[in-house]
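We use all heavy atoms of the structure for the numbers below, so side chains are in, but hydrogens, waters and symmetry mates are not.
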Protein chains: 2
Amino acid sequence: MRISELSRLSGVSVASIKYYIREGVLAAGESDGPNRATYGGDHLARLRLIRGLVDSAGVSIAGVKRIAGALDAGIPVNEAFGVAQSAVPLVGATDGTEPSAHATDAIRDVIHPHAVGHPAAASAARALDTFEAAGEPISAAWLERYAEAAAIVARADFDELERRPDPAAQARIVAVGTALGDVVFQSLRRIAQATEGERRFPSPPPASPPAV
Amino acid sequence: MRISELSRLSGVSVASIKYYIREGVLAAGESDGPNRATYGGDHLARLRLIRGLVDSAGVSIAGVKRIAGALDAGIPVNEAFGVAQSAVPLVGATDGTEPSAHATDAIRDVIHPHAVGHPAAASAARALDTFEAAGEPISAAWLERYAEAAAIVARADFDELERRPDPAAQARIVAVGTALGDVVFQSLRRIAQATEGERRFPSPPPASPPAV
DNA sequence: AGCTATCGGATAGTCCGACTGTCTATGAGA
DNA sequence: TCTCATAGACAGTCGGACTATCCGATAGCT
């Protein structure tokens, strides 16, 4: 197919497709001459993946490039984790400020010892500091429940991974699942909050759902 | 204190402080004359909150303004949820594309019936569609575990809320906890993945932690 | 009283990411 | 032959978050 048809089928403007090709996120069409190139189903699929990661998970174009590059290169699973986490920088991975000692301790209390130096531990600790900056420090019990939930999610992630026999498929699910899993969980958390709120404080009239 | 001292204590440049005042995120100092104003501890605390929400949780200045405004106005708890969710738009709340029917069904299967129309349900469904665009649809079991984890987190959130007797404190924790809870969970998920990975696939040499 | 460093306030400029628009040469199809 | 879509290059736009410059005034020192 030609670029205009690819644009029509994907809902992405021709200009944006060209931009993605320029940025190396999408392969160029197979050239049939100086001003003619052919695109196939692979291009359409990749385009849907790009739009999905960008729109649905908020991944940057540079991040999509890393993820897509990993898929193309067929990297091993253990590297896929690194790619996924570099492509989707943890919100607030600005390591400018050091977290407070007691926030760091609070995090250490709920994670496995070998993960104490993990960059995400500092992110979590800084978030705890921000709770305090707002005048509302959270309890250890709250944090423990979060860690428990995170463990459930991580086990589900690995079970899903082991469900796939093919190493390439495993790498794919890791590369893509890190970003998308965050979104799925955030969404389900919003929904669960609404459900739990309704359970604890029933509203007589039909509740108006908050605008997200 | 004067603006330069506020800048020094907070680590935020004078120019940025002025910008925050212009944007209405931070109150202006108390004017002592045409070119003299005094700032107090409240300003410093607010500045720390702003930097925390921006750096740690990736909230936009406009979002911080809504959250901070809610704190100042002393809004009721049920409204605080709406404020928090509008201030921290769910990644991928671009309602341009409709999720597929079977993704919508998959989400419906794991949430409470009254939440089916919730905007976050569409976000979650779109994320499932993106898994498929990557060629790796996820299993119902995976989604169920996520929903279970989300329920645990939501209960922890409400327990933490009910721990506070003061309605103003409840509103504060809601306004701030939505954004920060996402970050804490994401961080703990990364850590739990590393831990679970180590448990299932032990690495003989000390594992190199992935760069976040 | 004179001087100067700093302050508050306003306005304009910068930087970055993600596009979007314009232009040119070319060649396929009517 | 003529028109029109295309590939490819490059400049322009837009929004968000600052950052730099300028100006008038005055606190505080001499």
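Each of C/dC7, D/dT19, C/dC19 was ranked by its minimum atom distance to the side chain of B/Ser4; first place goes to C/dC7. Relative to the side chain of B/Ser60, the nucleotides C/dT20, D/dA5, D/dA17 differ in distance, and D/dA17 lies closest. In the set C/dC7, C/dG21, D/dA5, the nucleotide with an atom closest to the side chain of B/Ile3 is C/dC7. The side chain of B/Ser16 sits closest to D/dT19 out of D/dT19, C/dG27, C/dG9. Closest to the side chain of B/Asn35, out of D/dA25, D/dC18, C/dG27, is D/dA25. If you check C/dG9, D/dT6, D/dA17 against the side chain of B/Lys18, the one that comes closest is C/dG9. Between D/dA7, D/dA25, C/dC19, one nucleotide has an atom nearer to the side chain of A/Tyr39 than all others, and that is D/dA7.
A salt bridge links B/Asp182 and A/Arg190; the closest N-O separation between the charged side-chain nitrogens and carboxylate oxygens is under 4.0 Å. A salt bridge links A/Asp159 with B/Arg145: at least one charged nitrogen is closer than 4.0 Å to a carboxylate oxygen. Residues B/Asp72 and B/Lys65 are not paired through a salt bridge, judged by the lack of any N-O separation under 4.0 Å between the basic side chain and the carboxylate. Taking a cutoff of 4.0 Å between a charged side-chain nitrogen and a carboxylate oxygen, A/Arg164 and B/Glu136 qualify as a salt bridge.
Scanning atom types as modelled, one donor and one acceptor separated by under 3.5 angstrom connect the side chain of A/Arg22 and the base of C/dT20.
The 5' end of DNA chain D is approached more closely, in terms of each residue's nearest nucleotide, by B/Val59 than by the other of B/Val59 and B/Pro34. For the pair B/Arg2 and B/Tyr19, both in contact range of DNA chain D, the more 5′-proximal nearest nucleotide belongs to B/Tyr19.
B/Ser7 places a side-chain N or O within 3.5 Å of a backbone atom of B/Val12 that can act as its donor or acceptor partner.
Here B/Ala37 lies in heavy-atom contact (under 4.0 Å) with sugar-phosphate atoms only.
Proximity of A/Ser13 to the phosphate of C/dC19: no side-chain N or O atom is located under 4.0 Å from OP1 or OP2. Side-chain nitrogen and oxygen atoms of A/Tyr20 include at least one within less than 4.0 Å of the OP1 or OP2 phosphate oxygen of C/dC19. The side chain of B/Arg36 contributes no N or O atom lying less than 4.0 Å from OP1 or OP2 of D/dG24.
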